[in-house]
There are 2 protein chains.
Amino acid sequence: MAKRKMTSTNSINREKLNDLCGMEYAIDLLGGRWKLLILYKLENRALRFIELKKILPGITDRMLTLQLRELEKDGLLHRTVYPEVPPRVEYRLTDSAEKLIPVWKALERWGDAHREVQLPG
Amino acid sequence: MAKRKMTSTNSINREKLNDLCGMEYAIDLLGGRWKLLILYKLENRALRFIELKKILPGITDRMLTLQLRELEKDGLLHRTVYPEVPPRVEYRLTDSAEKLIPVWKALERWGDAHREVQLPG
DNA sequence: CAGCATCCTACCAGATACTG
DNA sequence: CAGTATCTGGTAGGATGCTG
């Protein structure tokens, strides 16, 4: 089978979509180190580039830019540029992305619970 | 901040756990191309190595082995070896992993729905 | 069957410098 | 402020061959 790229820095091959179940599709769009985390931080609020950078520990400008661009392209983020000086750009969730809120809420709860089990005390 | 490895082929740095929210912890454990998919395929059934390989399109022996070992180490899979010839090894979800079922169910539904929106027709 | 060992490469992602 | 451009190393992950 043809190699399907799957990293945080790629978008899905549109021609291969019919081969994928919803899970694989979702993993393709959200997989990687930063994407889910970025969406999660944008829950119920728009944030600027620099604000995102502050609350995403260790991300570089480059990676943040790349991830934001892909999330935008995949219909998960809105990017709004305000024609001001200095420039201001805000990112917020699309309706599609907001439907993911229950998913990451559940994932977060699980993470907290599982961590307790694995690291008691 | 110290670089925190985050790939499908590493386990979390236990000393850094206090810095992480449940989300980051969960992403660390489940991130990457295969892990969530493997767990998903094991829902409600135990599978053998070769069976997993068949239903995971494109995975290599090497990657499947690596991912299974990490999932086992992180407390998400049970590995049962039956002392037979030829050898038989079965993998099944732990209780912790079973608590993730609602997460990937929701993710799967979202993937299906989002794909419809992005690719009408 | 269920893997491990080895080798190899593409490319992810960090560091740094620069720009409108 | 909100990004690009460029260079680079590390590693994810593929191919192949072998073993208990």
Side-chain angles (χ1 to χ4, degrees), chain A residues 1-13 24 27-28 30-38 42 46-73 77-92, chain B residues 1-13 27-38 42 46-73 77-92:
Chain A
M1 126 176 209
K3 181 170 97 171
R4 177 162 51 88
K5 283 178 62 177
M6 161 60 200
T7 62
S8 59
T9 313
N10 90 304
S11 64
I12 196 160
N13 181 342
E24 292 172 303
I27 291 176
D28 265 2
L30 302 169
R33 178 172 182 171
W34 298 111
K35 287 187 177 177
L36 247 186
L37 211 50
I38 289 173
L42 284 170
L47 289 178
R48 308 175 61 169
F49 187 90
I50 197 172
E51 292 168 330
L52 277 168
K53 191 175 154 168
K54 275 181 201 162
I55 59 180
L56 293 168
I59 199 169
T60 59
D61 287 5
R62 171 189 155 82
M63 288 314 299
L64 183 51
T65 301
L66 287 172
Q67 305 298 295
L68 289 171
R69 289 289 184 282
E70 286 186 8
L71 287 168
E72 188 192 357
K73 181 166 56 57
L77 284 187
H78 286 302
R79 180 174 183 268
T80 310
V81 182
Y82 297 89
E84 305 173 356
V85 178
R88 183 159 64 97
V89 179
E90 281 191 347
Y91 298 89
R92 65 187 167 83
Chain B
M1 133 178 200
K3 180 169 98 170
R4 177 162 51 88
K5 282 178 64 176
M6 160 57 196
T7 63
S8 59
T9 314
N10 89 303
S11 64
I12 196 161
N13 180 341
I27 292 176
D28 265 2
L29 253 58
L30 303 170
R33 178 172 185 172
W34 298 112
K35 287 189 178 176
L36 247 187
L37 211 49
I38 290 173
L42 286 170
L47 289 178
R48 308 174 61 167
F49 187 89
I50 197 172
E51 292 169 329
L52 278 168
K53 191 176 154 169
K54 275 183 201 159
I55 59 180
L56 292 169
I59 199 169
T60 59
D61 288 5
R62 171 188 154 83
M63 287 316 298
L64 182 52
T65 301
L66 286 172
Q67 305 297 296
L68 289 172
R69 288 293 182 281
E70 287 186 6
L71 287 168
E72 188 191 359
K73 180 165 58 59
L77 285 187
H78 287 302
R79 179 174 185 269
T80 310
V81 183
Y82 296 89
E84 306 172 356
V85 178
R88 183 160 63 97
V89 179
E90 282 190 348
Y91 296 89
R92 62 185 170 84

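Chain A is the first sequence line, chain B the second, and so forth, proteins listed ahead of strands; every chain is numbered from 1.
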Using whole Å, report how far [atom1] of [X] lies from [atom2] of [N].
{"X": "A:Q67", "N": "C:dA13", "atom1": "CD", "atom2": "P", "value": "7 Å"}
{"X": "B:E70", "N": "D:dG13", "atom1": "CD", "atom2": "P", "value": "10 Å"}
{"X": "A:I59", "N": "C:dC12", "atom1": "CD1", "atom2": "C1'", "value": "13 Å"}
{"X": "A:M63", "N": "C:dC12", "atom1": "CE", "atom2": "P", "value": "9 Å"}
{"X": "B:W34", "N": "D:dA12", "atom1": "CH2", "atom2": "C1'", "value": "12 Å"}
{"X": "A:L56", "N": "D:dG3", "atom1": "CG", "atom2": "P", "value": "14 Å"}
{"X": "B:L66", "N": "D:dT11", "atom1": "CG", "atom2": "P", "value": "14 Å"}
{"X": "A:K54", "N": "D:dA2", "atom1": "NZ", "atom2": "C1'", "value": "13 Å"}

* Is any side-chain N or O of B:R79 closer than 4.0 Å to OP1 or OP2 of C:dG3? ->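 So the side chain of B:R79 is within the cut-off, an N or O lying under 4.0 Å from OP1 or OP2 of C:dG3.
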* **Phosphate-side-chain proximity, A:R88 and D:dG3, N/O vs OP1/OP2 below 4.0 Å** => no
* Whichever of A:R62 and A:L68 has its nearest DNA chain D nucleotide further upstream toward 5' ->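 Of the two residues, A:L68 wins.
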What's the spacing between [X] [atom1] and [Y] [atom2] if we round to 0.5 Å?
{"X": "A:E24", "Y": "A:I27", "atom1": "CD", "atom2": "CD1", "answer": "7.0 Å"}
{"X": "A:I59", "Y": "A:K54", "atom1": "CD1", "atom2": "NZ", "answer": "15.0 Å"}
{"X": "B:E90", "Y": "B:L52", "atom1": "CD", "atom2": "CG", "answer": "10.0 Å"}

Measure from the side-chain heavy atoms of [X] and tell me the nearest of [options].
{"X": "A:T65", "options": "C:dC4, D:dT4, C:dA2", "value": "D:dT4"}
{"X": "B:R69", "options": "D:dG3, C:dA2, C:dC4", "value": "C:dC4"}
{"X": "A:I50", "options": "D:dC1, C:dG14, C:dA2", "value": "D:dC1"}

* Of B:D61 and A:T60, the one whose closest DNA chain C nucleotide lies more 5' ->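 Whichever sits nearer the 5' end wins; that is B:D61.
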* Asked: Base, sugar-phosphate alone, or nothing: which one does B:Y82 contact when heavy atoms must sit under 4.0 Å apart?
  -> nothing
* Remember a base hit wins even if backbone is also touched, and classify A:R48 as base, sugar-phosphate or nothing at under 4.0 Å, heavy atoms. => sugar-phosphate
* **Criterion side-chain contact (heavy atoms from CB on, under 4.5 Å) on B:R79 and B:L68, from CA distance to verdict** => CA-CA 9 Å; B:R79 179 174 185 269; B:L68 289 172; over 6 Å; no
* Structure fact -> Tested for side chain to side chain contact (heavy atoms under 4.5 Å, CB included) against A:L47, the lone hit among A:L42, A:V89, A:I38 is A:L42
